[in-house]
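Note that the structure is a prediction, hence the values are computed from the model and not measured.
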Amino acid sequence: MSDTPATANSAAHSSPLTGAPTRAPRRWVRWVLGGLGLVLLALVALQFLDPWLRRTLEKQVAKQTQGQYRLQVGELHTSLWQRAVRLQNVRLRPAAQVADTLPRVRLDVARLNVTGIGLLALLRKGVVPIDSVVLDSTRIEVLALASKPTKNAGQPLHKRLPLQLKGIEIGYVGLLHTRASYLPQARTTVQFERADLSAQGLLISAAGAADTQRLAYAADWRLRVLRGQGRASGHALAVAGLHLATAGKLLLVDSLRIRPTDPQTATQPQVSLMLARLRLTGLDAPKLRQRRFQADSLLLQGPQLSATLPGTSTQNSKSGSSFLRQVDLAHVAVRRGYLRLKGSVGEPTVRDIAVSGTALHLDSTLVPGAGSILFARAWDVALGRSNATVAAHAVTLESLHLSTKAGTFSLRSVRIRPPTPGQGPAGTVKVDLTLPQLALTGFDAAALQQRQLFQAQNLLLEGAKLKFTPPAKSPPPVWKMLLTVARRTELAHLGVRNAELRIGGLRHSPEVHGLNLTGRAIRIDSLAALEPRRIAYARAWQASSGLIAAPFDPPYYRASSQRARLDTDAKTFQFEQMALTPKYSAVGMNLHKGYQAPAVTIKLASLAFSGLDFAGLVRRADVRVARVVAQSPVVTIASDGRGSINPNWSKISPEEMIKLPVVVDVRRFDLRNGNLYSKYRSPLTPTPGTLSINRFTGSFYNLSNDRKRQTAATPLTGRATTYLQNRCRLDAQVSMYLLDPRGRHRVWGAFGPGPFAMLNSMTVPTRLVKFKSGQVRRLRFDLQADRKGVTGTMTTEYSGLELSLLSYKQEEIKKTLFSRLKSKVVNAVVIRDQNPRKGGRVVTGEMTSTREPRFSVFTLWRQGIVSGLFHNVGVPQPLAQKLSESKDEAPLPK
């Protein structure tokens with residue numbers, strides 16, 4: 001009884017520590033066995049999972065498409081450890097007939113690998129993460145698109161995910177070594193030999209759709225296409241290569257080609273385009289979701305565009321604003337471009353195009369922003385050899401350059417050819433222009449665009465040759481013609497250098513050679529046209545030229561000046577070496593006109609206008625001038641008495657001033673050192689008579705038809721000195737009221753001294769009268785004339801006057817017995833040999849002669865002088881009048 005219970009219990013509890021070991025339970029064995037069983041079960045399941053998945057996929061495709069598509073998977077391998085599925089030789093084939101809600105597609109995929117699948121998220125139907133999805137060596141054939149949309153066709157992709165997943169997040173998606181073709185029954189086709197498409201960070205979910213930094217759910221898209229081609233809208237398209245990287249903000253297109261395949265129609269345009277390279281950098285692709293296009297630079301290298309525009313506009317055309325709300329480009333450039341537009345106005349062709357634009361901004365309003373020029377901050381445009389047709393005129397130019405930043409515009413080798421006969425509407429303007437160079441500086445393009453204000457500092461035209469035929473109908477003023485371009489034009493300086501100008505289509509069509517023109521402070525608008533201080537829209541003009549010529553009374557005369565100078569500030573206008581030259585001789589004039597008409601030749605060393613009112617000359621064609629000086633004029637008048645008298649009334653008469661449609665107001669007209677040579681062939685002999693008036697110098701005042709200045713109290717007055725036959729001095733004065741409807745005027749003066757024989761050079765061959773002797777000491781005359789005739793007095797102091805009457809026989813002028821007898825009778829009975837007469841009485845002759853309105857006023861004056869002289873030397877007054885009015889008429893020469 002030595003062991004107590006307590007001791008026994010204590011020993012019992014302490015025995016495991018001090019006594020022998022006991023047997024523990026083996027739970028880990030069960031775990032190991034369970035794990036081995038699961039592994040064994042998984043291995044067995046895996047053997048059946050791949051076939052099951054393959055069959056399930058094939059059945060699901062058939063079920064979802066209601067048997068219209070058949071999926072074939074050559075091989076399918078899963079890896080639970082890698083969370084991957086790998087498929088090989090995948091084929092998708094449509095049935096013979098496919099519902100109109102499904103596209104008709106054929107698909108072949110050599111390899112399809114899906115790795116890193118989030119199985120737990122898949123089971124929870126959340127956002128399923130996937131490391132990568134890669135399709136390798138794919139061939140896609142789209143035979144037709146769905147013709148009817150499904151119910152959920154308008155829903156975004158993330159709302160149409162299978163298994164009601166909230167989303168799919170894929171680290172990498174790759175569609176590699178892909179060949180595709182779109183070959184429907186329609187005329188639109190697309191195919192390419194190879195394409196590689198990849199996406200990084202693809203998040204197909206509501207969050208991915210809302211992320212503004214993503215495009216089509218992806219953070220980055222990359223696309224590479226090789227040798228693509230297609231057809232659409234009657235055109236074939238081909239591209240050698242295309243590369244797109246949204247993260248790198250880069251788009252490259254190589255060797256793009258578009259060509260028409262169908263015949264031209266009335267509503268369908270045709271385009272032919274070859275583009276060597278397109279390079280777009282800095283592209284902000286996510287903003288395309290907002291219909292905003294933003295990029296750093298766009299380069300078009302070598303675009304060659306030919307387009308045939310339709311005859312009628314298409315109604316279905318959409319503007320760019322239908323697809324994009326805004327376009328922003330930091331820089332756009334075109335290099336080595338070519339453009340040809342057929343069917344458009346002018347059908348232009350432009351070569352060697354080089355365009356550069358900066359800060360281009362375009363929005364849906366299509367309204368340029370403040371400070372922009374054609375939606376850009378600045379443009380630099382260079383065009384090479386170009387041509388177009390404008391208003392039936394062929395226009396070509398060698399080059400064009402515009403820089404809005406520098407404010408310069410230039411043209412080189414411009415050529416405008418007029419329409420050939422029969423082309424273009426009748427009566428329209430015709431232009432024949434050769435312009436080697438045009439240069440515009442200080443050009444404000446923004447002002448032109450925003451305010452319709454054309455502003456520039458300097459416009460220079462070099463070597464222009466212009467032949468201009470004005471339209472049959474008078475054109476509107478210049479400011480009206482420019483309204484389509486600008487409401488106002490302001491040009492600080494205009495320069496024309498070494499130009500030639502010909503104006504055709506007019507009766508007096510002028511031509512100007514060697515023209516140099518300068519205009520200052522030019523402004524063209526409706527107000528400037530009326531501003532008194534402006535002349536032809538400018539504050540001042542200076543001009544000089546070489547030869548100026550024009551037909552005068554065409555085709556009979558040609559007027560010319562070898563040099564001319566003009567200065568509106570100084571109010572001067574001067575011509576040098578002027579000439580009026582007849583086309584025909586005197587007999588030729590008679591033959592061509594059918595009546596007697598002299599051949600007049602006029603040459604002037606200079607004709608100078610000072611104090612000229614250029615404003616009135618330009619606006620109303622009025623000639624108001626303070627002084628005109630004609631220096632060394634030489635006038636040669638050749639006439640022939642064979643032919644009828646001119647049936648038309650003479651225009652060289654004082655009363656013709658009333659009929660002028662414009663105002664002529666010359667305060668003073670000076671004529672210096674003039675000479676007149678007259679040659680007349682009468683029907684009596686073939687030998688022409690000659691007469692000259694030399695060293696003519698005179699001044700005339702108030703040569704005007706202005707009723708405020710030309711009155712009976714202030715008529716035209718003048719004084720002149722000249723020499724008859726360069727021997728006998730003549731002093732004459734004139735007083736002429738030019739607005740008198742009766743044509744009344746007065747001429748008076750004095751001759752002498754000189755011999756009568758100085759007239760023989762005219763009287764012998766034309767009248768067969770010779771002054772055998774006689775000396776004039778002094779001859780005074782006072783002539784009054786009007787529209788009816790001439791009257792007046794003449795007092796001739798002479799001595800030893802004796803006449804000799806001649807005959808023309810056997811082609812000689814000689815004295816015959818009969819002419820000798822007549823001479824003795826005339827000298828003895830009619831002619832008085834001296835004045836004062838014997839006894840010292842001075843006899844005054846009477847001027848009386850009837851005016852022939854077909855003859856000029858100078859002929860009237862000559863009639864008065866002749867009648868007064870004949871009467872003064874003894875011829876009875878009726879006979880003297882008859883002799884003064886005698887006129888030759890004979891048949892025209894053959």
Are the side chains of Val332 and Val355 in contact, using a 4.5 Å heavy-atom criterion? no
Counting only heavy atoms not in Arg377, do more than 12 sit closer than 6.0 Å to its CZ atom? no
For the side chain of Gln229 and the backbone of Ala236, is there at least one donor-acceptor N/O pair under 3.5 Å apart? no
Kindly say whether Arg336 contributes a backbone atom to a donor-acceptor pair with the side chain of Gln304 at under 3.5 angstrom? yes
Side chain to side chain contact (heavy atoms under 4.5 Å, CB included) with Phe293: of Leu280, Leu298, Asp328, only one passes, and it is Leu280
Are the side chain of Thr246 and the backbone N or O of Trp221 linked by a donor-acceptor pair below 3.5 Å? yes
If you look at every heavy atom in Arg214 and Ala219, which pair is closest and at what distance? NH1-N, 3.7 Å
Work out which heavy atom in His401 is nearest to a heavy atom in Ala382; give both atom names and the distance. CD2-CB, 3.9 Å
Counting only heavy atoms not in Arg385, do more than 12 sit closer than 6.0 Å to its CZ atom? no
Is Arg54 reaching over with its side chain to a backbone N or O of Gly74, donor-acceptor style, under 3.5 angstrom? yes
Is Val127 close to Leu203 at the side-chain level, that is, under 4.5 Å between some pair of heavy atoms? yes
Any ion pair linking Asp108 and Arg93 (charged N to carboxylate O, less than 4.0 Å)? yes
Out of curiosity, Leu374 CG to Thr404 OG1, how far, rounded to the nearest 0.5 Å? 9.0 Å
Measure the spacing between NZ of Lys287 and CD of Gln290 and express it to the nearest 0.5 Å. 7.0 Å
Ignoring hydrogens, what is the shortest heavy-atom contact between Ile204 and Tyr217? Give both atom names and the distance. CA-CD2, 3.7 Å
Any chance you could lay out the side chain to side chain contact (heavy atoms under 4.5 Å, CB included) test for Glu58 and Val73, step after step, and finish with the verdict? CA-CA 8 Å; Glu58 293 174 348; Val73 179; 4.2 Å; yes
Euclidean distance, Phe375 CZ relative to Leu362 CG, rounded to 0.5 Å: 5.0 Å
So the salt bridge (charged side-chain N to carboxylate O under 4.0 Å, His left out) pairs with at least one residue in residues 242-252 (sequence neighbours excluded) are none
Is the side chain of Thr78 donor-acceptor paired with the backbone N or O of Asp50 at a distance under 3.5 Å, no angle test? no
Below 4.5 Å, heavy atoms only, C-beta onward: do Thr389 and Glu347 meet side chain to side chain? no
Closest approach of Asp136 and Val109, non-hydrogen atoms and distance? O-CG1, 4.0 Å
Tyr69 side chain reached by Val105 side chain, heavy atoms, under 4.5 Å: yes
Looking at Leu252, Leu223, Leu256, which hits side chain to side chain contact (heavy atoms under 4.5 Å, CB included) with Leu242? Leu223
Please round to the nearest 0.5 Å and tell me the distance separating atom CD1 of Ile353 and atom OG of Ser386. 7.0 Å
List the steps, then state whether side chain to side chain contact (heavy atoms under 4.5 Å, CB included) holds for Val90 with Leu107. CA-CA 8 Å; Val90 179; Leu107 174 66; 5.5 Å; no
Working to the nearest 0.5 Å, report the span between OG1 of Thr115 and OH of Tyr172. 11.0 Å
Heavy atoms, side chains only, cut-off 4.5 Å: are His331 and Leu299 in contact? no
With side chain to side chain contact (heavy atoms under 4.5 Å, CB included) as the criterion, how do Arg111 and Ser137 come out once you've worked through the C-alpha distance, each side chain's angles and the decisive distance to 0.1 Å? CA-CA 7 Å; Arg111 289 172 294 278; Ser137 301; 3.4 Å; yes
Atom CD of Gln72: over 12 foreign heavy atoms under 6.0 Å: yes
Going by the side chain to side chain contact (heavy atoms under 4.5 Å, CB included) test, name the single residue among Gln68, Arg104, Glu141 that passes it with Pro94. Arg104
Check for a donor-acceptor pair, side chain of Tyr182 on one end and backbone N or O of Leu145 on the other, with a separation under 3.5 Å. no
Count the heavy atoms belonging to other residues, nucleotides or ligands that lie under 6.0 Å from CZ of Arg224, then report whether that count exceeds 12. no
Could you grab the distance from atom CZ of Arg325 to atom CZ of Arg291, nearest 0.5 Å is fine? 6.0 Å
Does the side chain of Thr281 pick up a donor-acceptor pair with the side chain of Asp296 at under 3.5 Å? no
Dump the intermediate steps for side chain to side chain contact (heavy atoms under 4.5 Å, CB included) on Leu197 and Val225, then the final yes or no. CA-CA 9 Å; Leu197 176 64; Val225 177; over 6 Å; no
State whether the side chain of Ser198 and the backbone N or O of Val173 hold a donor-acceptor pair below 3.5 Å, judged by distance alone. no
Non-hydrogen side-chain atoms of Phe409 and Leu400 separated by less than 4.5 Å: yes
